[in-house]
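Note: hydrogens, waters and symmetry copies are ignored here, and every other heavy atom, side chains too, is used.
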Amino acid sequence: MSDSEPPVKPVLQKPPGYRDPNAPAGRPPPRKPFLPPSFHPKKRKTNYSRACCCCFCIFFLIFLLLIIISGAVFYLWFDPKLPGFHVQSFRISHFNVTKRPDGTFLDAKTTARLEVRNPNGKMTYYYRDTEVHITVGEGGYETELGATTVPEFTMHKKNTTSLRVETKASNKLVVDEVGNKLKAGYKSKSLAVTVEGRTKVGVGVAGLKMGMVGVSVKCDGMSKKQLDGGDMPKAKCFINMLKW
């Protein structure tokens, strides 16, 4: 150490609780404690979308309840019943299977009467044009003998209507095996007959006419022997709503 440099004085540590007399009076403001972001309070916001969703659900439930109550009142008051269909009579006036060098051909004429009944005492049925198909045979031997269209008609309360249906198949080409099967079934009177109708039905209630609904009616399980003997199985007609 050089003789010209003054000696370095050691720095004295302040004892605990020491207050500097030269410091300004008053207490320093307390420091704000540091908190992580997860501890910061969040402002509550109104969830409008949740409130709208709840209101919509309540409105929908009330609307659904009103529909159920209205349907129950309608059913109890009007007691709606489906229309009834059955084959009243059926006749094959001409049936001939001919084998030629260029194939097997079928000629046939049929006449059927369909009975349509409205069992309701407070409802009216409105029918659009009805397309009726006549088919003979079963399974892979099923063959159509023609189709016809019945004009639109109205069925009032507790009313019954008879529809005359005539079909014709002229020079219809069929497979040889099918022709043989149909010819044998016709001679033995075991030939299965099917009558199928497709239409649209509207309902009239208290002077109001409601929309049309697609209806398919199928009457099967009948044989030529039953038809010739007048044994008309009424329970064999099935109604399919909204199906074509």
Side-chain angles (χ1 to χ4, degrees), residues 71 74-75 78-92 95 108-169 178 181-182 185-186 188-205 209-244:
F74 178 87
Y75 185 84
F78 292 100
D79 190 19
K81 297 181 179 65
L82 291 175
F85 295 84
H86 83 272
V87 180
Q88 196 173 22
S89 64
F90 186 89
R91 184 170 62 93
I92 301 178
F95 192 91
K109 290 181 181 181
T110 67
T111 302
R113 279 200 173 273
L114 304 179
E115 185 180 272
V116 186
R117 185 172 58 91
N118 181 7
N120 297 282
K122 299 178 181 179
M123 297 172 58
T124 301
Y125 283 124
Y126 300 92
Y127 290 84
R128 290 279 180 87
D129 292 348
T130 304
E131 185 179 349
V132 182
H133 297 257
I134 305 296
T135 306
V136 294
E138 294 178 300
Y141 304 102
E142 194 171 3
T143 304
E144 185 174 308
L145 296 187
T148 188
T149 300
V150 178
E152 60 182 15
F153 62 96
T154 300
M155 288 196 65
H156 298 284
K157 308 166 187 178
K158 294 290 184 178
N159 189 19
T160 301
T161 301
S162 181
L163 306 177
R164 181 183 174 90
V165 178
E166 294 182 346
T167 64
K168 181 179 180 181
V178 173
K181 193 77 174 181
L182 295 178
Y186 180 78
S188 63
K189 295 187 177 183
S190 62
L191 189 65
V193 177
T194 301
V195 180
E196 185 173 2
R198 299 176 183 176
T199 185
K200 288 186 177 181
V201 182
V203 179
V205 178
K209 187 176 179 180
M210 301 182 184
M212 310 299 276
V213 178
V215 175
S216 177
V217 181
K218 187 175 184 179
C219 305
D220 58 0
M222 302 174 291
S223 66
K224 188 176 183 298
K225 184 177 181 179
Q226 289 177 314
L227 299 175
D228 291 344
D231 183 12
M232 309 307 298
K234 296 183 179 181
K236 293 296 183 179
C237 291
F238 303 95
I239 302 175
N240 292 322
M241 306 294 292
L242 301 173
K243 183 178 179 181
W244 281 82

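- Rounding to the nearest 0.5 Å places OG1 of Thr143 at 12.0 Å from NZ of Lys181.
- Side-chain atoms of Lys158 come within 3.5 Å of backbone N or O of Pro119 as a donor-acceptor pair.
- The NZ atom of Lys81 sits 6.0 Å away from the CG atom of Asn120 when rounded to the nearest 0.5 Å.
- Rounding to the nearest 0.5 Å places OH of Tyr126 at 12.5 Å from CE of Met155.
- Side-chain contact check for Tyr186 versus Val136: every heavy-atom pair is 4.5 Å or farther apart.
- Remark: the His86 side chain and the Glu115 side chain contain an N/O donor-acceptor pair separated by less than 3.5 Å.
- Proximity of a side-chain donor or acceptor of Asp129 to a complementary backbone N or O of Glu152 within less than 3.5 Å is detected.
- Across all their heavy atoms, Ser216 and Glu196 have their closest contact at OG-OE2, 3.8 Å.
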I would like to know whether Val217 and Phe238 meet side-chain contact (heavy atoms from CB on, under 4.5 Å); could you show each step before the answer? CA-CA 6 Å; Val217 181; Phe238 303 95; over 6 Å; no
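- The side-chain hydrogen bond (donor to acceptor under 3.5 Å, both in side chains) contacts involving residues 159-169 comprise Gln88-Ser162, Thr110-Thr167, Arg113-Ser162, Arg164-Glu166, where partners must be two or more places apart or lie in separate chains.
- Crowding of Glu144 atom CD: a count of heavy atoms from other residues, nucleotides or ligands under 6.0 Å exceeding 12.
- Without hydrogens or angle criteria, Asn118 side chain to Met123 main chain gives a donor-acceptor distance under 3.5 Å.
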Let's go through Val165 and Thr111 carefully: what are the C-alpha distance in whole Å and the side-chain angles of both, what is the deciding distance for side-chain contact (heavy atoms from CB on, under 4.5 Å) to 0.1 Å, and is it a yes or a no? CA-CA 6 Å; Val165 178; Thr111 302; over 6 Å; no
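- You'll find the side chain of Met222 reaches within 4.5 Å of the side chain of Val195, heavy atoms only.
- Here the straight-line distance linking atom CZ of Arg91 with atom NZ of Lys109 works out to 10.5 Å at 0.5 Å rounding.
- Side-chain contact between Ile134 and Thr194 is absent, with no heavy atoms from C-beta onward closer than 4.5 Å.
- Minimum heavy-atom separation, Glu138 to Ala192: CG-CB, 3.4 Å.
- Considering NZ of Lys224 and CG of Leu191, their distance stands at 8.0 Å, rounded to 0.5 Å.
- Classification of the Tyr127-Phe153 ring pair by plane angle, with boundaries at 30° and 60°, yields parallel.
- Counted by atom type alone, Thr130 and Thr199 present one or more donor-acceptor pairs between their side chains at under 3.5 Å.
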